[in-house]
Amino acid sequence: MQRKLMYTSFTHTTQFTQVARLITSKIAELLSVQVVVVNSNNIIVASSKCEEIGKTFHFNEQQETSYLRIPLHLKTEVGEIAIGNQFNGETISPRLAKVLVELIVNQATVLNHRPNQQALKNQFVNHLLHGQIIDETEILRQAKLLGLDLSPPRAVILIDAAQYVLKPSAGESDGKNLEKATVQQRRRTQYAIGSIVNFFHLPDDTICADLGNGELVVLKASNTKNLGSWAERGNNTDSLNALWTNLAALKRAGDALLMHLRSDTGAAISIGIGRYHPGILGLARSYQDARMALSLGHRFNGCDRVYCLDRLGIAAFIGVADEQTKIELATHLLSPLDCESELLTTVETFFARDCSPSATAKQLLIHRNTLNYRLDKIASLIGLDPRRFDDAVQIRLALLLRKLQSSCDRNSI
């Protein structure tokens, strides 16, 4: 049976040209036939004979009856593919050839759509984190379409991989190979995302997004079940009302991720950890936490570290503009003392007496050794020692902020 030619027309855009060339190459390789792909104006955009590209393609009377023509629809554009007789004289069933070509076309179309799908995910996550989508129903609808599961409680891990993603390669510094540099940056970005996916043992990259300029984000499930080995055993902190839910586990995961990315990329990486905030819209607040931690951390301590608001010390109380966030941070730092009224009285007296051990012990009517025991216990509970200057400043600021909040609450009643 004579081998027939299939034909599909494309509008002459870069995207369609790329698809046409891929289809032409695959069909010619598998079937050993002449392949021509034309656009809607019958201009050849891809062919197994390179010299034909750019020419007008016309069917003669014999070709009209012998060629098999199948229309192709790609988005809003249509066209045809033409396949000629086999070069080696073999014959293949036209029906079999048609099925095979359709499979090739479908595969080429899917591959061509994949970057657009990822770009849509990146755009959606970017808009979500910057508070540009506030309708939860619409957020869930878009997330479902993109395969993004937002049902578990999630917190933001912000990764600054600019030193790896944006680093110039040989020959790029003169600015003449901008396109090549852009392709290389995309590859590095995908490699970094793949490294993150492998680290967290994720099924795909749906919870990872590229924010641009070398910044990547992970919407990490932040309940104990999904934090796995980083969560402390017996730590029942899954309450959706606790803003600092499993923050310690998230920080441990961030520390391990930093080591992993350093090893995989060979570059300095910085990570900002955001708190969990309830609800889907809470992801925007978690992102603000992570970004602020990363920004302040870079400013005060440089790069190649993991930053979180409660790790920044005095810098957090000075650099964070949002007063509510500072009050929440103060409450978090002092929370281990909530049931220790004696220790709270001790540290407040210690500051009131200018951190003088003898004056404090005298006012509290206790021995100096008892005072030291209490101060040691405070340090072990909150991780800050009132006898160290920087720690004392943080505790003092936290006490003042919490007292300010209590005063505001009483006045609002």
Side-chain angles (χ1 to χ4, degrees), residues 129 153-162 196 199-200 207-208 211 215-224 226-232 235 237-239 242-262 268-278 282-336 379 381-385 390-391 393-395 397-398 401-402:
L129 297 183
R154 293 185 181 274
V156 169
I157 299 178
L158 183 62
I159 301 160
D160 180 1
I196 295 168
F199 174 78
F200 284 119
I207 56 91
C208 299
L211 300 183
E215 281 194 344
L216 309 174
V217 68
V218 181
L219 308 184
K220 182 71 186 78
S222 60
N223 51 358
T224 302
N226 285 288
L227 285 170
S229 60
W230 300 293
E232 294 179 349
N235 184 18
T237 55
D238 282 336
S239 171
L243 295 184
W244 301 86
T245 295
N246 280 327
L247 185 63
L250 281 170
K251 288 187 289 186
R252 285 191 287 270
D255 291 335
L257 176 61
L258 177 63
M259 298 297 292
H260 177 79
L261 289 175
R262 277 179 188 165
I269 304 289
S270 297
I271 295 176
I273 305 293
R275 295 173 293 166
Y276 164 74
H277 290 267
L283 283 167
R285 290 205 62 192
S286 183
Y287 171 71
Q288 291 170 6
D289 285 349
R291 173 157 290 288
M292 181 59 67
L294 198 56
S295 176
L296 291 174
H298 276 169
R299 233 180 282 175
F300 287 96
N301 299 309
C303 61
D304 210 24
R305 296 189 182 186
V306 175
Y307 293 108
C308 186
L309 288 178
D310 67 338
R311 281 185 175 179
L312 292 174
I314 302 172
F317 289 108
I318 297 174
V320 174
D322 182 59
E323 185 171 316
Q324 185 59 36
T325 298
K326 288 193 282 191
I327 291 173
E328 291 167 357
L329 176 60
T331 302
H332 167 65
L333 291 175
L334 297 176
S335 60
L381 287 174
I382 66 174
L384 300 171
D385 191 336
D390 282 358
D391 290 0
V393 172
Q394 290 182 66
I395 299 171
L397 287 172
L401 284 167
R402 198 162 73 161

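FYI, the numbering just counts along the sequence from 1.
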Next item on the list: Report yes if the side chains of R262 and D304 come closer than 4.5 Å at any heavy-atom pair, otherwise no.
Entry: yes
Check: Quick one: CG on L250 to CD1 on I273, what's the gap to the nearest 0.5 Å?
Finding: 6.0 Å
Notebook entry, point to check: Can you find a pair of side-chain heavy atoms, one from R311 and one from V306, that are under 4.5 Å apart?
Noted result: yes
Next item on the list: Please name the pair of heavy atoms, one in G272 and one in A290, separated by the smallest distance, quoted to 0.1 Å.
Entry: O-CB, 3.6 Å
Check: side chain to side chain contact (heavy atoms under 4.5 Å, CB included) between I157 and F200: does it pass, once the steps are laid out?
Finding: CA-CA 12 Å; I157 299 178; F200 284 119; 4.1 Å; yes
Checklist line | Non-hydrogen atoms of L129 and Y287 that approach each other most closely | finding: O-CD2, 3.5 Å
Check: Where do A268 and C303 come nearest, in terms of heavy atoms and distance?
Finding: CB-SG, 4.2 Å
Notebook entry, point to check: Which atoms form the tightest heavy-atom contact between V218 and C208, and what is the distance?
Noted result: CG2-SG, 4.2 Å
Next item on the list: With rounding to the nearest 0.5 Å, note down the distance linking CD1 in I269 to CE in M259.
Entry: 12.5 Å
Notebook entry, point to check: How long is the span from the CD1 atom in I271 to the CG atom in L216, to the nearest 0.5 Å?
Noted result: 10.0 Å
Notebook entry, point to check: Less than 4.5 Å apart, any side-chain heavy atom of E215 and any of L158?
Noted result: yes
Check: If only atom types and distance count, is the side chain of S335 paired as donor or acceptor with the main-chain N or O of H332 below 3.5 Å?
Finding: yes
Next item on the list: Assess whether side chain to side chain contact (heavy atoms under 4.5 Å, CB included) is satisfied between L401 and F317, documenting all intermediate values.
Entry: CA-CA 10 Å; L401 284 167; F317 289 108; 3.5 Å; yes
Notebook entry, point to check: Shortest non-hydrogen contact from Q394 to G313?
Noted result: OE1-CA, 3.1 Å
Next item on the list: Taking the side chain as every heavy atom from C-beta outward, state whether E328 and L309 have any pair of such atoms under 4.5 Å apart.
Entry: no
Notebook entry, point to check: If you measure from CD1 on I159 to CD1 on I196, what distance do you get to the nearest 0.5 Å?
Noted result: 3.5 Å
Checklist line | Validation row: D289, V156 side chains within 4.5 angstrom (heavy atoms) | finding: no
Next item on the list: Drop me the distance from W230's CH2 to L257's CG, to the nearest 0.5 angstrom.
Entry: 8.0 Å
Notebook entry, point to check: Checking S286 side chain against H277 main chain: does a donor-acceptor pair fall under 3.5 Å?
Noted result: no
Next item on the list: Determine, for R275 against D310, whether the closest basic-nitrogen to carboxylate-oxygen distance falls under 4.0 angstrom.
Entry: no
Notebook entry, point to check: Quick one: are R285 and D322 in side-chain contact, heavy atoms under 4.5 Å?
Noted result: yes
Note to self: Could you check whether any side-chain heavy atom of I382 comes within less than 4.5 Å of a side-chain heavy atom of L333, counting everything from C-beta outward?
What the structure shows: no
Notebook entry, point to check: Under 3.5 Å, is there a donor-acceptor pair between the side chain of Y307 and the main chain of G297?
Noted result: yes
Next item on the list: Would you sort out whether L296 and I318 count as a side chain to side chain contact (heavy atoms under 4.5 Å, CB included), showing the intermediate values?
Entry: CA-CA 10 Å; L296 291 174; I318 297 174; over 6 Å; no
Notebook entry, point to check: Is L261 close to F199 at the side-chain level, that is, under 4.5 Å between some pair of heavy atoms?
Noted result: no
Margin query: I'd like to know if the side chain of S270 reaches the main chain of D160, judged simply by a donor and an acceptor atom lying under 3.5 Å from each other, with no hydrogens or angles considered.
Written below: no
Item checked: CZ on R402 to CG on L397, rounded to 0.5 Å -> 14.0 Å
